[in-house]
Amino acid sequence: MVRGLIACVVLLLSAATAAATGPSLSPAPRRVFIAGDSTASHYGPERAPREGWGMALQSFLDPSAWDVRNHAQSGRSARSFIEQGWLDGVAKDLRRGDVLLIQFGHNDEKIEDPARYSEPRAAFPAWLMRYVALARERGATPLLITPVARRKFDRGQLLDTHGLYAQAVRDLAARERIGLIDLNASSMDWLRALGDEPSKLFFMHVPEARTPDVAQTDDTHFHARGAVAVACLVVGGWKALDPALASTVVRDTDCGARPTALADRAAQPHPSAIAHGTDLARPQVGPHGGPGTTIAYPFFADAPDMPFVFRKRALHKGAGIGLHPHDHDEIYYVLSGRGRYILDGVSHDVSAGDALLTRSGSTHSIHQTGDDDLVILIVYPTKR
């Protein structure tokens, strides 16, 4: 009897210990569903480099916290997505705690196609409310997204092609107190800041000479880099609605442009600039009493109000920068080649990828070694 009681106690203690020390079960990730059109949908490798922004969304979210379920379908409007049964696939899995992202508008505008068209003032928001009602019924969170902008410039001015449809989404969100990601506004700011010609890099402008089988000029659908850029705008808008989301976002979302980007640019007292190293090369002997010959590249030496000096220097075979004292902080970054860096009486072998920080009060010197030029970038604060 006693022996049996002891055995039971041992078993109970073992179970308690296992429960205390065993692996804890992590909660399942929440799901975010996307209901939308071709600008968000998934494409197979045969359609590369075309991608919808929904394909890039997971890369911004911690997979242990979020699982992206992309149900967006090419060519669908808010109406045809429902009438063709695509919303049923969402409804089958949607549950409490999920998020439903809803983005339509591109195909709803097509008045020539009665299977997809919805007039913007009443019919379009009525279809969108079907998605909202489903999410609320299941305990999920609906988020409305205005349609992403098309790349349509006229004499340098970006045109708003979604007009009443984007406004209908905004009005519905305000009226029904639904979270709104105004992707139309943020993507228009992004496109304006990029400009007409540069923005083609983000859309499906595929030159015929490179890939004759998929040559096209498409100002609606994204190149892979455009899908990532737009997904970043979506996550940035989502974070603005729900600051707690930031703890589960694994990429920086400081992307796009402010609405005032063009005005900010025009108001700059000193415009931004590009400098070409081939225009700046200055042969010089080794500075600070150093041996041999070098080439200096004094980038932006004449730029007003620069808080730092930025230089590149190539040290030819046997060349060096002589030992000198420091009354400011300075950074060397080795671009290529090898060298010997003498800092405060200690010699260090350095090569491409190494960064060297000299603080005020130190002495340093650097000399090229090996067969190739030692090329370094140099940064230090401007003397005031």
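Numbers here simply count residues along the sequence, with the first being 1. Quick caveat: nothing in here was measured; it's all calculated off a predicted structure.
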For this session: Would you mind reporting whether His205 and Asp219 have side-chain heavy atoms less than 4.5 Å apart?
Result: yes
For this session: Kindly assign one of parallel, tilted or perpendicular to the pair Trp238 and Trp66, based on the angle between their ring planes and the thresholds 30° and 60°.
Result: perpendicular
Seminar exercise, completed: Value for CD (Glu330) from CD1 (Ile378), rounded to nearest 0.5 Å, stands at 6.0 Å
For this session: For the pair Thr260 (side chain) and Ala263 (backbone), establish whether a donor and an acceptor sit closer than 3.5 Å, ignoring hydrogens and angles.
Result: no
Exercise. Got a sec: does the CD of Gln157 have more than 12 other heavy atoms crowding it under 6.0 Å?
Worked result: no
Exercise. Quick one: do Arg31 and Asp93 make a salt bridge, cutoff under 4.0 Å?
Worked result: no
Exercise. Under 3.5 Å, is there a donor-acceptor pair between the Thr161 and Arg150 side chains?
Worked result: yes
Exercise. When rounded to the nearest 0.5 angstrom, what is the spacing between CG in Leu100 and CZ in Arg69?
Worked result: 13.0 Å
For this session: Tell me yes or no: between the side chains of Thr248 and Asp62, is some donor less than 3.5 Å from an acceptor?
Result: no
For this session: Look at the side chain of Asn184 and the backbone N and O of Pro147, then say whether any donor-acceptor pair between them is shorter than 3.5 Å.
Result: yes
For this session: Start with the C-alpha gap between Arg313 and Leu315, add the side-chain angles, then the distance that decides, and say whether side chain to side chain contact (heavy atoms under 4.5 Å, CB included) holds.
Result: CA-CA 6 Å; Arg313 187 175 292 275; Leu315 286 71; 3.9 Å; yes
For this session: Start with the C-alpha distance between Asp372 and Ser336, add both sets of side-chain angles, then the distance that settles side chain to side chain contact (heavy atoms under 4.5 Å, CB included), and finish with yes or no.
Result: CA-CA 8 Å; Asp372 300 323; Ser336 62; over 6 Å; no
Exercise. Counting only N and O atoms by type, is there a donor-acceptor contact under 3.5 Å from the side chain of Gln73 to the main-chain atoms of Gly75?
Worked result: no
Problem set entry | Sole candidate of Asn107, Asp113, Asp108 that passes side chain to side chain donor-acceptor pair (under 3.5 Å) when paired with Lys110 | Asn107
For this session: For Gln284 and Thr294, indicate whether the former's side chain and the latter's backbone hold a donor-acceptor pair under 3.5 Å.
Result: no
Exercise. If you count the non-hydrogen atoms of other residues, nucleotides and ligands that lie under 6.0 Å from CZ in Arg96, is the total more than 12?
Worked result: no
For this session: Show your working on ring pair (Phe, Tyr, Trp, His ring centres under 6.0 Å) between Phe203 and Phe222 and close with a plain yes or no.
Result: CA-CA 4 Å; Phe203 286 76; Phe222 306 114; 5.2 Å; yes
For this session: Give the ring-plane orientation class for Tyr297 versus Phe299, where under 30° counts as parallel, over 60° as perpendicular and anything between as tilted.
Result: parallel
For this session: Answer yes if Val346 and Tyr341 sit in the same cluster of Ile, Leu, Val, Met, Phe, Trp and Tyr residues linked by side chain heavy atoms under 4.5 Å apart, and no otherwise.
Result: no
Problem set entry | Distance, nearest 0.5 Å, that separates CD1 of Ile295 from CG of Asp373 | 7.0 Å
For this session: Find out if a path of hydrophobic residues (ILVMFWY) with successive side-chain heavy-atom gaps under 4.5 Å connects Leu180 to Val230.
Result: no
Problem set entry | Path from Tyr165 to Leu144 over hydrophobic side-chain contacts below 4.5 Å | yes
Exercise. Is there side-chain contact between His288 and Leu323, with at least one heavy-atom pair below 4.5 Å?
Worked result: no
Problem set entry | Test item: Asp354 side-chain N/O and Ser351 main-chain N/O as donor-acceptor pair under 3.5 Å | yes
For this session: Evaluate side chain to side chain donor-acceptor pair (under 3.5 Å) for Arg170 paired with Thr146, printing each intermediate quantity in order.
Result: CA-CA 7 Å; Arg170 297 182 190 111; Thr146 53; 5.0 Å; no
Exercise. Distance-only, no hydrogens or angles: does the Ser365 side chain make a donor-acceptor pair with backbone N or O of Ile321 under 3.5 Å?
Worked result: yes
For this session: Step by step, work out the side chain to side chain donor-acceptor pair (under 3.5 Å) result for His221 and Ser38.
Result: CA-CA 7 Å; His221 301 101; Ser38 59; 2.6 Å; yes
Exercise. Does the side chain of His364 pick up a donor-acceptor pair with the side chain of Thr358 at under 3.5 Å?
Worked result: yes
Problem set entry | In one Ile/Leu/Val/Met/Phe/Trp/Tyr side-chain cluster, 4.5 Å: Leu158, Met204 | no
For this session: Treat each ILVMFWY residue as a node, draw an edge where side-chain heavy atoms are under 4.5 Å apart, and state whether Met129 and Val99 are in one component.
Result: no
Problem set entry | Derivation of the side chain to side chain contact (heavy atoms under 4.5 Å, CB included) call for Leu101 and Leu57 | CA-CA 11 Å; Leu101 302 180; Leu57 190 64; 3.9 Å; yes
For this session: With rounding to the nearest 0.5 Å, note down the distance linking CZ in Arg155 to CG in Asp196.
Result: 13.0 Å
Problem set entry | Test item: Thr382 side-chain N/O and Met306 main-chain N/O as donor-acceptor pair under 3.5 Å | yes
Exercise. When rounded to the nearest 0.5 angstrom, what distance separates OG in Ser187 from CD1 in Ile145?
Worked result: 11.0 Å
For this session: State which residue, out of Trp86, Tyr117, Phe81, fulfils the ring pair (Phe, Tyr, Trp, His ring centres under 6.0 Å) condition with Phe104.
Result: Phe81
For this session: Flag yes if more than 12 heavy atoms outside Asp254 fall under 6.0 Å of its CG atom; otherwise flag no.
Result: no
Exercise. Do Met55 and His42 pass the side chain to side chain contact (heavy atoms under 4.5 Å, CB included) test, and can you show the C-alpha distance, the side-chain angles, and the key distance before you say yes or no?
Worked result: CA-CA 6 Å; Met55 295 173 66; His42 178 84; 3.8 Å; yes
For this session: Answer yes or no: is there a donor N or O on one side and an acceptor on the other, between the side chain of Arg192 and the main chain of Pro259, under 3.5 Å?
Result: no
Problem set entry | Test item: Ile178 and Arg136 side chains (from C-beta on) under 4.5 Å apart, heavy atoms | yes
Problem set entry | For Arg76, the option from Glu83, His106, Gln84 that meets side chain to side chain donor-acceptor pair (under 3.5 Å) | Gln84
For this session: Give a yes-or-no answer on whether the side chains of His276 and Asp279 include a donor-acceptor pair shorter than 3.5 Å.
Result: no
For this session: Please check if any side-chain donor atom of Glu109 sits under 3.5 Å from a side-chain acceptor atom of His162, or the reverse.
Result: yes
For this session: May I ask you to test the His71-Ile34 pair for a side-chain heavy-atom distance under 4.5 Å?
Result: no
Problem set entry | Residue from Asp329, Asp344, Asp327 passing salt bridge (Lys or Arg N to Asp or Glu O under 4.0 Å) with Arg359 | Asp329
Exercise. Taking Arg338 for the side chain and Asp349 for the main chain, is one N or O donor matched with an acceptor at less than 3.5 Å?
Worked result: no
Problem set entry | Tyr43 and Ser74, any side-chain heavy atoms less than 4.5 Å apart | yes
Exercise. Rounded to the nearest 0.5 Å, what separation is found between the CZ atom of Phe202 and the CZ atom of Arg225?
Worked result: 7.0 Å
Exercise. Does a side-chain heavy-atom distance below 4.5 Å link Val235 with Lys239?
Worked result: yes
Problem set entry | Donor + acceptor pair across side chains of Arg340, Thr369 (<3.5 Å) | no
For this session: List the atom of Tyr131, the atom of Ala78, and the distance in Å for their closest heavy-atom pair.
Result: OH-O, 2.7 Å
For this session: Would you check if Leu343 and Leu356 make a side-chain contact, meaning some heavy-atom pair closer than 4.5 Å?
Result: no
Exercise. Are the side chain of Gln103 and the backbone of Gly36 linked by a donor-acceptor contact shorter than 3.5 Å?
Worked result: no
Problem set entry | Side-chain ion pair, Lys317 and Asp371, N-O less than 4.0 Å | yes
For this session: With the side chain counted from C-beta on, respond yes when Thr293 and Pro283 share a heavy-atom pair under 4.5 Å apart, and no when they do not.
Result: no
